[in-house]
Amino acid sequence: MHENSKMTSRNIRHRSNGTVGMIPECKIALLGSPGVGKSALTVKFITRRFINEYDPTLEGTYTKQDVVDNQTVLISIWDTVNEDAESLGRYVTWADCLVVVYSITSKQSFQQAKELLQELTEFQKARETHELPIVLLGNKNEMERYRQVSKLDGGALSTQYACSYHEVSAAGDYEDVEHVFHETVREVRREAERHMPLKPLFIEEKPVSVTDGGSTHGSPHGHHARNKLATPKAPRVVPKRTVSSFKFFNKGFKIFSQ
């Protein structure tokens, strides 16, 4: 693919006359060794087409407006080339999520993915900010007969670095590739929710008004009035009246004594 055919997010925003600026953006950087299919995955998601051959020395940013869970989002994907320390710094600074890609048909690409995960972990810890979510992605799973990296190996590596794990094929169904990118957007949203600042809780203490004898506001006796009102009165005890067991109410009955 020629470099001129790669459209950057900046170009798309310019052509949208500013309307895209109101849509939240999710920036995803695809990392991995050459030949694992980063460009093929990106183009498949953007255009629904599979292109097999790319210039491995070119990198670019693609952007697509999509809907994930009924929410419109602008998905920007950086198809990267370099893996040196300086380039990793640029990718981490730019991205909201990092996707490390390897080929299931190449043990060497899987080993490079391991080293890349370790470098990213150390780099992010040194930044003294919250770490970006990372996704481990095994590509080319349509080539099962040539598999060199098992799903168990991929799952174990993702567990070791506490990242999400998927297998997919850029040459396969579009829905599978779309699912991976949509899951990445969800991962970014969950990470953002975990780091949202909590709103402080304010408890307002309102003055107590006294209805008997007027309000306490502006009165020099207001403080005493509030204290008096705040102290509950003791309940009044009403003594029980004792009733004689031999009390007669029938006036027609008389007792005569001799």
Side-chain angles (χ1 to χ4, degrees), residues 26-42 44-45 54 56-57 59-62 75-144 146-170 176-177 179-195:
C26 178
K27 295 177 288 187
I28 303 170
L30 295 188
L31 312 175
S33 58
V36 296
K38 300 187 299 293
S39 297
L41 287 167
T42 303
K44 183 63 173 281
F45 175 66
Y54 295 88
T57 64
E59 69 176 22
T61 304
Y62 299 74
I75 303 176
S76 297
I77 305 171
W78 193 345
D79 176 18
T80 68
V81 173
N82 301 310
E83 296 183 10
D84 56 273
E86 181 180 354
S87 297
L88 287 181
R90 291 189 294 114
Y91 302 149
V92 172
T93 301
W94 176 85
D96 297 314
C97 183
L98 306 169
V99 179
V100 177
V101 185
Y102 69 92
S103 170
I104 69 163
T105 65
S106 171
K107 286 185 177 180
Q108 182 181 1
S109 70
F110 185 68
Q111 180 60 36
Q112 289 176 323
K114 286 184 180 180
E115 297 173 359
L116 189 55
L117 286 172
Q118 183 61 33
E119 291 179 21
L120 289 172
T121 300
E122 295 174 355
F123 182 85
Q124 292 200 86
K125 286 182 178 179
R127 295 180 67 202
E128 298 182 354
T129 59
H130 74 270
E131 298 181 8
L132 298 178
I134 299 177
V135 175
L136 179 64
L137 180 59
N139 188 31
K140 303 184 181 182
N141 68 353
E142 84 281 3
M143 304 176 68
E144 185 65 33
Y146 303 108
R147 179 186 286 272
Q148 296 182 6
V149 183
S150 68
K151 291 183 178 180
L152 290 177
D153 290 337
L157 184 60
S158 67
T159 301
Q160 178 182 350
Y161 288 95
C163 59
S164 302
Y165 171 63
H166 303 279
E167 275 197 6
V168 75
S169 169
D176 295 337
V177 176
H179 174 74
V180 170
F181 282 98
H182 283 194
E183 281 296 309
T184 304
V185 172
R186 295 184 182 103
E187 186 72 21
V188 172
R189 288 174 176 173
R190 287 191 291 266
E191 184 70 14
E193 290 176 357
R194 283 194 290 266
H195 291 87

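Keep in mind that this is a model prediction, so the values were computed, not measured.
The distance from atom NZ of Lys114 to atom CG of Asp153, rounded to the nearest 0.5 Å, is 7.0 Å. Here the CG atom belonging to Asp84 is positioned 7.5 Å from the CZ atom belonging to Arg90, to the nearest 0.5 angstrom. Within the model, atoms CD of Glu131 and OG1 of Thr121 stand 6.5 Å from one another, a figure rounded to the nearest 0.5 Å. For the atom pair SG of Cys26 and NE2 of His182, the computed distance is 10.5 Å after rounding to the nearest 0.5 Å. Distance check, rounded to the nearest 0.5 Å: CG of Leu136 to OG1 of Thr159 gives 10.0 Å. Once rounded to the nearest 0.5 Å, the distance linking CD of Gln112 with CD of Gln108 reads 5.0 Å.
Put simply, the side chain of Ser106 never gets that close to the backbone of Ser103: no donor and acceptor are under 3.5 Å apart. Side-chain atoms of Lys140 do not come within 3.5 Å of backbone N or O of Gly37 as any donor-acceptor pair. A donor-acceptor pair under 3.5 Å is absent between the side-chain atoms of Lys107 and the main chain of Gln148, judged by distance alone. Checking side-chain atoms of Glu83 against main-chain N and O of Leu31 turns up no donor-acceptor pair under 3.5 Å. One N or O on the side chain of Thr80 and one on the backbone of Leu30 form a donor-acceptor pair closer than 3.5 Å.
The pair Arg190-Glu193 does not meet the salt-bridge criterion, since no charged nitrogen lies less than 4.0 angstrom from a carboxylate oxygen. Residues Lys125 and Glu122 are not paired through a salt bridge, judged by the lack of any N-O separation under 4.0 Å between the basic side chain and the carboxylate.
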Worksheet item: Under the side chain to side chain contact (heavy atoms under 4.5 Å, CB included) criterion, do Leu98 and Gln124 qualify, and how do the steps go?
Response: CA-CA 11 Å; Leu98 306 169; Gln124 292 200 86; 4.2 Å; yes
Worksheet item: Are Leu120 and Val100 close enough, and set up right, to give a side chain to side chain contact (heavy atoms under 4.5 Å, CB included), and what steps lead you there?
Response: CA-CA 10 Å; Leu120 289 172; Val100 177; 3.9 Å; yes
Item to complete: Output, in order, the C-alpha distance, side-chain angles, deciding distance and verdict of side chain to side chain contact (heavy atoms under 4.5 Å, CB included) for Arg194 and Glu191.
Response: CA-CA 5 Å; Arg194 283 194 290 266; Glu191 184 70 14; 2.4 Å; yes
Item to complete: For side chain to side chain contact (heavy atoms under 4.5 Å, CB included), just list the numbers for Thr184 and Leu137, CA-CA rounded to whole Å, side-chain angles, deciding distance to a tenth of an Å, and then say yes or no.
Response: CA-CA 11 Å; Thr184 304; Leu137 180 59; over 6 Å; no
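Here the closest non-hydrogen pair linking Ala170 and Val177 is CA-CG2, 4.2 Å. Taking all atoms of both residues into account, the shortest heavy-atom contact from Val81 to Tyr91 is N-OH, 3.7 Å. Nearest approach of Glu187 to Pro133, heavy atoms of both residues: CG-CB, 3.6 Å. Annotation for Ala29 and Trp94: closest pair N-CZ3, 4.0 Å, computed over non-hydrogen atoms. Pairing each heavy atom of Ser109 with each of Val36, the nearest pair is CB-CG1, 3.7 Å. In terms of heavy-atom proximity, Asn82 sits nearest to Glu59 at N-OE1, 4.2 Å.
Under the 4.5 Å side-chain criterion, counting only non-hydrogen atoms from C-beta, Leu117 is not in contact with Gln160. For the pair Leu88/Leu116, a side-chain contact is recorded, criterion being any heavy-atom separation below 4.5 Å from C-beta on. The side-chain heavy atoms of Asn141 and Ile104, taken from C-beta on, include a pair separated by under 4.5 Å. The side-chain heavy atoms of Tyr161 and Gln118, taken from C-beta on, include a pair separated by under 4.5 Å.
Classified by interplanar angle (parallel below 30°, tilted 30° to 60°, perpendicular above 60°), the ring pair Phe45/Phe181 is parallel. Between Tyr165 and Tyr102, the ring-plane angle classifies as parallel under the 30° and 60° cut-offs.
Residues passing the side chain to side chain donor-acceptor pair (under 3.5 Å) test with Glu142 are Ser169, sequence neighbours excluded.
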